[in-house]
Amino acid sequence: MFVSPFPMVWGTSSEPGVSRVVVKDYNTGLEKQATTVKVSDLFTLFYVLIEEDQGLKFDIIAYDGNGKELAREIIDEGNRGQNE
């Protein structure tokens with residue numbers, strides 16, 4: 001795993017219509033809105049800086065412009081590499 005002085009959650013979405021991405025951690029329950037970069041209608045990059053106490057497990061939720069949930073994914077960096 002890459003160690004950075006600026007821990008972040010980042011990724012991509014291929015869901016059409018994504019206008020907002022929220023990252024919620026399982027340790028504190030804190031929700032942070034990610035910065036999104038729309039590359040094309042079907043490709044959006046997102047990232048959000050996190051604090052160490054937020055842990056390694058997160059819900060990533062993508063919304064459209066009306067607030068409708070388009071996609072949800074759970075990531076757990078604490079288990080990364082165990083099944084690879």
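Not measured: the values here are computed from a predicted model. Only this structure's heavy atoms are used, side chains among them; waters, hydrogens and symmetry mates stay out.
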(request) Can you measure from CH2 (W10) to CD1 (I60) and round to the nearest 0.5 angstrom? (result) 10.5 Å
(request) Using a cut-off of 6.0 Å, state whether more than 12 heavy atoms not belonging to K24 lie near its atom NZ. (result) no
(request) Consider only side-chain heavy atoms of I, L, V, M, F, W and Y, link residues closer than 4.5 Å, and tell whether V9 and V22 are in one cluster. (result) no
(request) Give, for atom CG of D59 and atom OH of Y26, the distance between the pair rounded to the nearest 0.5 Å. (result) 3.5 Å
(request) Could you tell me the separation between the CG atom of D25 and the CG atom of D53, rounded to the nearest 0.5 Å? (result) 7.5 Å
Quick one: side chains of residues 65-75, donor-acceptor pairs under 3.5 Å with protein atoms, not counting sequence neighbours, listed by atom name and distance.
residue : atom : partner : partner atom : Å
E69     : OE1  : R72     : NH2          : 3.0
E69     : OE2  : R72     : NE           : 3.2

Check residues 36-48 and write down every donor-acceptor pair under 3.5 Å in which the side-chain atom is one partner and the other belongs to a residue at least two apart or another chain.
residue : atom : partner : partner atom : Å
S40     : OG   : L42     : N            : 3.3
S40     : OG   : F43     : N            : 3.4

(request) Can you see which heavy atom on G55 is nearest to which on N27, and at what distance? (result) CA-ND2, 3.3 Å
